[in-house]
Amino acid sequence: MRLKSYVMGHWHAGERDLQQLRDATTGQVIAEASTVGIHFAGVLAHARRVGGPALRRLTFHERAALLKALAKRLSELKEEFYTLSFSTGATRADSWIDIDGGIGTLFAYASRGVRELPNSHVYVDGEVEPLSKTGSFVGQHVCVPREGAALHINAFNFPVWGMLEKLAPTLLAGVPAIIKPATATAYLAELVFRRIIESGLLPEGAVQLVCGSCGDLLTHLTGQDVVSFTGSVTTANQLRSHPAVIRSAVRFIAETDSINCCVLGADVAPGDPEFEAFVREVVREMTAKAGQKCTAIRKALVPAARLESVTEAIRAALGEIIVGDPRREEVRMGPLATLGQRREVLARISELRREADLVSEAKLEPLGADFERGAFIAPTLLIARDPARAQHVHTVEAFGPVCTILPYAATAEAVDFARRGEGSLVASVFTADEAVARELALGLAPWHGRLLFVDRDCVRDSTGHGAPLPGLVHGGPGRAGGGEEMGGLRGVMHYMQRTALQGSPGAVTAITGRWVRGAREIRGEVHPFRRTLSELTIGETLRSGERAVTLEDIERFAQLTGDTFYAHMDEAAARRNSLFGGRVAHGYFLIAAAAGLFVDPPYGPVLANYGLERLRFAKPVRPGDRIKVRLTCKSKALRAEKGYGEVVWDTQITNQHDDVVASYDVLTMVSTDPVDGG
Ligand code: NAP
């Protein structure tokens, strides 16, 4: 099979300098790749001129819908991906992480896009910053898509997840992607990518694929482009110091090597659920994907007193692992991706063995496969008996089924050993002692992108040490690359430009589509609750009549609800608190009374009130005060295919002196179509 790149709207197969890609188990050549003949400046130009504008024309919700459709389409085809995935050395369970994990990330971003982003082109970041006393000059941060291309350079270990977890936030941001999978497993990435193109769901130029070397592509990068790299720290450093990256301050996200650890708390004894979970996790992290996971546990930190029991338990569990052809159902661990990787891992094990002893020298006879042809390696457990003096065990990453056990004397020493990894993706802590958990959290957090705490309460539901999740940040400081991916919307923002706007409330409202206090109020003849979603305009306002708040109101509300807090019921006590200075109305009464002032009762387009946000009580309301309400349509978002949209109403309750006594957003669902009033 000659792998093809998809560039500038065409499939391209290089004719010269072909790299051979082999099945990890049999060693047979299954594909060849070359990018000779690709005009890389043209690839970037195509993304910027064709893909970018097409994506930016879509709203966030439309892009989210594309992701969802794509995820559905790929789900239908996944058996085909699973079959080819065996060639990478992955078992079916490993492929689940790669294939279902990747598709799941698309789904997750599709749903976040609709829930957390507006159905428009500008993301409003945070609240309005008041910049003048009169309110006529304000600040507002916004994020808009960058106008360049995203270059995704991926590692070999997760050809599908690695591609989709980067693609989802990039496309949602409205930025076209050029995907460069690691060549060793590019055949699987190419198959999935081919199905994406065949689906016809994405606009032309939104995605391109480079199978093989990316030539002089980096030379043509500009300041609007983003590079998101996953791989070794050596390559990351080489690429981030590329003259074009430096010259144009190209945004560079890196996920690199990582010496991740897990810590068994000193409180945990054999037989405890935390002990069993710890052993299970170490074994799983060593053997899933044959340890070729950037998040895999490389150091297991155990209290010195537990060294023997932990070692014995892990050794026994590893003895159950069947290594062999990943196509066989009983096989729990397949080979590494390539023979080159095996040479690399064996060299790293030799380095580790200068400071650590091998726990058991198992002879490897892979089931249904030939050791010489496939990239097999035995799960390798080591013990470093003097970790305080060791160096390699803290810094050498053997990217395979390799883990070293390190005894520690006190929790502070465990923290010290973890930090010697110089910045990692993830650490996990197994303890039922909350003080230990807190001490480790404070010590480890500055050095890690993610921390997992496992105790008996969450052990059943824990997603595990090695699983990056779409809603949580994946990345780490220092040696781990200093980058961040995913983390919900945070991952989308890497592909957008944050810009601080300054101007009048009217100008900011017009730009963002979100009404800002001080901007023009639109008053119509018709009550806003009688208007459908499309009829409503941003800034449409209702100003209610007044109502007096009486002592009787307060007492009846107290009686009705049972809320007889002294501030409402006891004049003498309320006077003692200078915040009240006497009996005041319940805040919740004001909210309810305000609704009584602004609602339009008959059946109509407003389907429901589903909550309040940003509620603040600013000033007490006393018996005899008169309140009134301003209700302004602040933003609206169509829920495509649901027949309604969400409308947020900026609401203020004021008193007879026009002082604001409460302010909040009312959240409603409003029908897109006129409703039958009968
Ligand atoms: P690698 O050799 O650094 O390669 C990573 C990617 O960079 C591949 O796509 C590779 O393409 C490409 N590349 C290499 N040289 C390049 C150049 N001069 N210009 C442009 N692209 C270039 O790493 P790997 O061996 O594939 O991956 C293993 C490493 O990745 C491990 O150290 C692991 O810890 C790390 N990793 C980290 C994460 C994370 O999220 N932090 C995830 C997975 C893996 P070719 O394949 O064509 O050379």
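First listed ligand is number 1; within each ligand, the first listed atom is number 1. Excluded from the calculations below are hydrogen atoms, water molecules and symmetry mates; all remaining heavy atoms, backbone and side chain alike, are included. In what follows, residues are counted from 1 in the order of the sequence shown.
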Thr185 backbone acceptor or donor facing Thr88 side chain under 3.5 Å: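 Between the backbone of Thr185 and the side chain of Thr88 there is no qualifying donor-acceptor contact (under 3.5 Å).
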Short side-chain to backbone donor-acceptor contact, Glu190 and Lys4, under 3.5 Å: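 Indeed, once roles are kept as given, a pair shorter than 3.5 Å links the two residues.
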Can you tell me if [X] and [Y] form a side-chain donor-acceptor pair at under 3.5 Å?
X      : Y      : value
Thr222 : Asp225 : yes
Lys289 : Asn157 : no
Ser228 : Glu485 : yes
His394 : Glu422 : no
Thr170 : His152 : yes

Phe278 and Phe430 aromatic ring geometry - parallel, tilted or perpendicular at 30°/60° bounds: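 Ring orientation, 0 to 90° scale: perpendicular.
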Would one find an N or O of [X], backbone or side chain, under 3.5 Å from an N or O of ligand 1?
X      : value
Asn157 : no
Ser258 : no
Ser232 : yes
Thr230 : no
Gly231 : yes
Asp257 : yes

For [atom], what is the nearest protein heavy atom, given as residue, atom name and distance?
atom                    : answer
atom 33 (C) of ligand 1 : Phe399 CE1, 3.2 Å
atom 22 (C) of ligand 1 : Thr235 CG2, 3.9 Å
atom 40 (O) of ligand 1 : His474 NE2, 2.9 Å
atom 12 (C) of ligand 1 : Ile153 CG2, 3.6 Å
atom 26 (O) of ligand 1 : Phe156 CD2, 3.2 Å
atom 37 (C) of ligand 1 : Cys294 CB, 3.2 Å
atom 31 (C) of ligand 1 : Glu397 OE1, 3.5 Å
atom 8 (C) of ligand 1  : Asn154 O, 3.2 Å

Protein non-hydrogen atom found under 4.0 Å from atom 48 (O) of ligand 1: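 No.
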Ligand 1 versus Leu425: contacting region, heavy-atom distance under 4.0 Å: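 Answer for Leu425: side chain.
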Nearest atoms (heavy-atom pairs only) where [X] meets [Y]:
X      : Y      : result
Ile179 : Asn154 : CG2-ND2, 3.9 Å
Arg450 : His465 : NH2-O, 2.8 Å
Pro470 : Met486 : O-CB, 3.6 Å
Gly487 : Tyr109 : N-OH, 3.9 Å

For ligand 1, is there an atom lying under 4.0 Å from some heavy atom of [X]?
X      : result
Gly481 : no
Glu485 : no
Phe229 : yes

I need the atoms of ligand 1 closer than 4.0 Å to a non-hydrogen atom of [X], numbered in the order shown.
X      : result
Ala155 : 26 (O), 27 (O), 43 (C), 44 (C)
Leu239 : 17 (C), 18 (N), 19 (N), 20 (C)
Gln238 : 18 (N)
Thr183 : 45 (P), 46 (O), 47 (O)
Ala182 : 8 (C), 9 (O), 46 (O)

Worked verdict on Ile297 versus Glu281 for side-chain contact (heavy atoms from CB on, under 4.5 Å): CA-CA 9 Å; Ile297 295 169; Glu281 202 67 26; 4.2 Å; yes
Ring-face cation contact, Tyr6 with Arg194, 6.0 Å cut, 45° max: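 The answer is no; the distance or angle limit is not met.
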